[in-house]
Q: 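To start, I am sharing the structure in question, which I have written as structure tokens.
Just follow the structure's listing: the first ligand is 1, and inside any ligand the first atom is 1. From a predicted model like this one, the values you see are computed outputs, not experimental measurements.
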Amino acid sequence: MADIEALLHETRIFPPPTDIVKTARISGMEAYRALCAEAERDYEGFWARLARENLHWHKPFTQTLDESNAPFYKWFADGQLNVSYNCLDRNLENGNANKVAIIFESDDGKNTTVTYRELHKRVCKLANGLKSLGIKKGDRVIIYMPMSIEGIAAMQACARIGATHSVVFGGFSAKSLHERIIDVGAVAVITADEQMRGGRALPLKSIVDEALGMGGCEAIRKVVVYQRTRSNVNMVEGRDLPLHSLVDDQPEQCDPEWVDAEHPLFVLYTSGSTGKPKGVQHSSAGYLLWAQLTMQWSFDIKPEDIFWCTADIGWVTGHTYVTYGPMAAGATQIVFEGVPSYPNGGRFWDMIQKHRVTIFYTAPTAIRSLIKAAESTPDVHPRKYDLSSLRLLGSVGEPINPEAWMWYYKNVGGERCPVVDTFWQTETGGHMITPLPGATPLVPGSCTLPLPGIMAAIVDEAGHDLPDGHGGLLVVKRPWPAMLRTIWGNPERFQKGYFPHELGGRMYLAGDGAIRNKETGYFTITGRIDDVLNISGHRLGTMEIESALVANPLVAEAAVVGKPDDLTGESICAFVVLKRARPTDDEAAQLAKELRDWVGKEIGPIAKPKEIRFGDNLPKTRSGKIMRRLLRVLAKDEEITQDVSTLENPAILEQLKQSQ
Ligand code: PRX
């Protein structure tokens with residue numbers, strides 16, 4: 001809370017640079033307010049205008065918002081379009097055919113460039129290939145791919161034929177992949193033999209094999225394998241086929257499948273407060289509208305920009321600001337296969353210099369790790385590179401602390417580039433609360449104000465508005481086009497989790513706490529209000545990690561909490577009770593390592609606890625409830641000053657103070 005206090009008293013303010021204001025689409029706060037007022041005045045008219053102006057409709061919509069089955073809202077429901085047509089064909093028609101769509105840089109620094117015409121051809125061939133395998137509109141396809149042109153083309157090809165894709169991040173384990181294949185009911189997997197990251201080849205296809213071998217995946221008819229490293233991988237006769245053999249002889253044209261506006265474009269799994277990840281289902285039209293509009297509003301994208309979002313396609317940021325937004329906006333973008341630390345901590349700066357990047361969008365964790373690298377190795381300090389091409393910086397995924405913000409602003413942006421701190425979520429489809437580069441005065445550590453049409457507010461537990469300066473629950477009071485439509489196969493969880501009764505059943509509950517500044521009305525996000533952690537900008541549920549731990553035969557009980565971390569924002573601290581006696585010293589260190597690796601295998605390396613502490617028991621109330629608030633204090637190595645009178649076993653606290 002001390003940090004939040006400091007944030008609220010942040011007085012540094014950075015007005016938008018005049019050259020950006022002059023040419024920005026939303027130029028100055030008056031223009032911003034005018035758009036907000038338009039949305040207030042005629043909410044549906046506002047969105048209808050934007051949807052007509054910005055998207056290509058095969059069949060125009062006549063109804064804007066259907067609230068008859070709230071909170072299962074529908075937008076533009078009787079309209080029809082195709083997302084891939086909007087991202088590709090539209091660019092061929094409006095003079096962008098020979099414009100570079102993607103500059104790909106491999107892990108080892110080789111570049112491949114594709115124009116919109118070439119990308120269109122690739123996507124059409126793959127779409128035809130998928131059709132030849134019998135994949136059709138409404139089928140679900142799992143994509144488990146590295147950052148690559150092929151990965152993006154796979155997503156676009158699914159969109160082209162109306163198949164719903166579900167991308168699984170390449171760092172997830174076979175078990176996580178298996179869970180998602182089953183839950184979404186996929187008929188095919190598109191993957192690669194291996195992925196290259198930081199000079200190392202990491203397996204993908206063998207993990208797919210392992211997942212499919214876990215049973216229950218009979219619906220998977222085909223596995224398409226992009227040969228990234230050409231390593232010798234197992235190919236199952238009749239089921240597996242190389243990507244090139246699927247696409248080589250396919251026609252270069254594939255008529256888009258026109259789908260209803262509400263047709264599910266994708267399902268993306270994310271963590272919630274139960275042990276089971278939820279499949280966030282997005283629409284076609286509303287989602288695409290927001291992807292395109294936020295490229296224009298938050299990034300003020302211009303035809304000559306070189307845009308670079310460093311997110312992986314396995315996360316929502318990679319969906320909206322790599323695969324869909326930049327193409328819907330006709331932009332040229334960088335796609336990077338590797339990691340920021342390879343071959344050294346100057347990789348990002350080197351790439352910005354080499355490709356003359358103008359808009360750079362990354363996560364606070366990356367910034368913090370590059371600050372560290374620059375401080376320890378002066379040769380990789382951004383000042384050693386020519387970063388003069390940059391005109392705009394962005395941050396996403398977790399709170400950015402004011403020191404990291406200032407460093408980014410000064411050393412990367414040369415004090416001339418606005419930093420847009422974009423708050424949003426997998427569920428929101430695109431940016432929600434963010435500065436506008438040509439309008440909003442910036443305050444480090446604040447995501448500032450909601451975008452026009454986004455009715456964000458802060459309320460108490462009964463849904464009543466709170467005055468500025470009072471922390472509460474972040475909600476969105478009206479539906480917006482890019483919101484999630486449901487949780488795949490679990491509408492009840494959607495309704496209960498996001499539109500709880502206590503708040504009246506119509507307000508979207510973000511799951512974050514927030515507070516507005518009394519003077520400026522600016523929002524500051526104070527962190528999750530549920531059992532969701534944010535590790536390096538990746539969302540992980542404490543229950544998921546606990547379930548993984550207790551699945552180990554040695555473990556009797558486990559409780560996981562978050563702990564502030566200078567580098568990763570938050571880190572995972574697990575308290576574990578074994579079925580055998582509490583280990584100490586070397587044995588404890590050995591078992592902690594074993595359990596860490598176990599969690600890595602169960603979920604993926606990102607979920608490995610940084611710290612594991614063993615106890616004979618966990619702090620519990622008399623009714624047997626684990627007292628997590630005490631565990632959070634212990635994890636921070638702070639003294640417990642809270643009331644412990646309801647604690648059944650106070651002696652346990654002493655034991656759990658020591659870490660492994
Ligand atoms: O807690 C908020 C945090 O990340 C959560 C959403 O995570 P995810 O669905 O994985 O999407 C990440 C990419 C959009 C939010 O509930 N978060 C995201 N952006 C910010 C943030 N917290 C503070 N400031 C942000 N800019």
Q: To check your reading of the model: name the closest protein heavy atom to atom 10 (O) of ligand 1, its residue, and the distance in Å.
A: Arg539 CD, 3.5 Å
Q: What do you reckon, are the aromatic ring centroids of Tyr269 and Phe172 less than 6.0 Å apart?
A: no
Q: Evaluate Ser395 for polar contact with ligand 1, using N/O atom pairs at a separation under 3.5 Å.
A: no
Q: Parallel, tilted or perpendicular for His165 and Phe266, by the 30°/60° rule?
A: parallel
Q: Does the plane of the ring in Phe307 sit parallel, tilted or perpendicular to the ring in Tyr361? Use 30° and 60° as the thresholds.
A: tilted
Q: What protein heavy atom sits nearest atom 16 (O) of ligand 1, and how far off is it?
A: Asp512 OD2, 2.4 Å
Q: Taking only heavy atoms of Asn534, which atoms of ligand 1 are found under 4.0 Å from at least one of them?
A: 3 (C), 4 (O)
Q: Run Ser166 and Arg140 through side chain to side chain donor-acceptor pair (under 3.5 Å) and show every step you take.
A: CA-CA 7 Å; Ser166 188; Arg140 273 83 61 205; over 6 Å; no
Q: What class does the angle between the rings of Tyr324 and Tyr287 fall in, given that below 30° is parallel, 30 to 60° is tilted and above 60° is perpendicular?
A: perpendicular
Q: Nearest to atom 6 (C) of ligand 1, what protein heavy atom do you find, and at what distance?
A: Trp424 O, 3.7 Å
Q: Kindly identify the option in Glu398, Arg528, Gln425 whose heavy atom sits closest to atom 25 (C) of ligand 1.
A: Glu398
Q: With only distance considered, is Thr426 within less than 3.5 Å of ligand 1 through an N or O on each side?
A: yes
Q: Considering heavy atoms of the protein only, find what lies nearest to atom 23 (C) of ligand 1 and give residue, atom and distance to 0.1 Å.
A: Pro399 N, 3.3 Å
Q: Apply side chain to side chain donor-acceptor pair (under 3.5 Å) to residues Thr294 and Tyr321 and explain how you reach the verdict.
A: CA-CA 9 Å; Thr294 49; Tyr321 300 107; 2.7 Å; yes
Q: Answer yes or no: does an N/O atom from Thr317 fall short of 3.5 Å to an N/O atom of ligand 1?
A: no
Q: When you measure from the heavy atoms of Gly397 to every atom of ligand 1, does any distance fall below 4.0 Å?
A: yes
Q: Would you say the side-chain atoms of Glu398 and Thr365 include a donor-acceptor pair closer than 3.5 Å?
A: yes
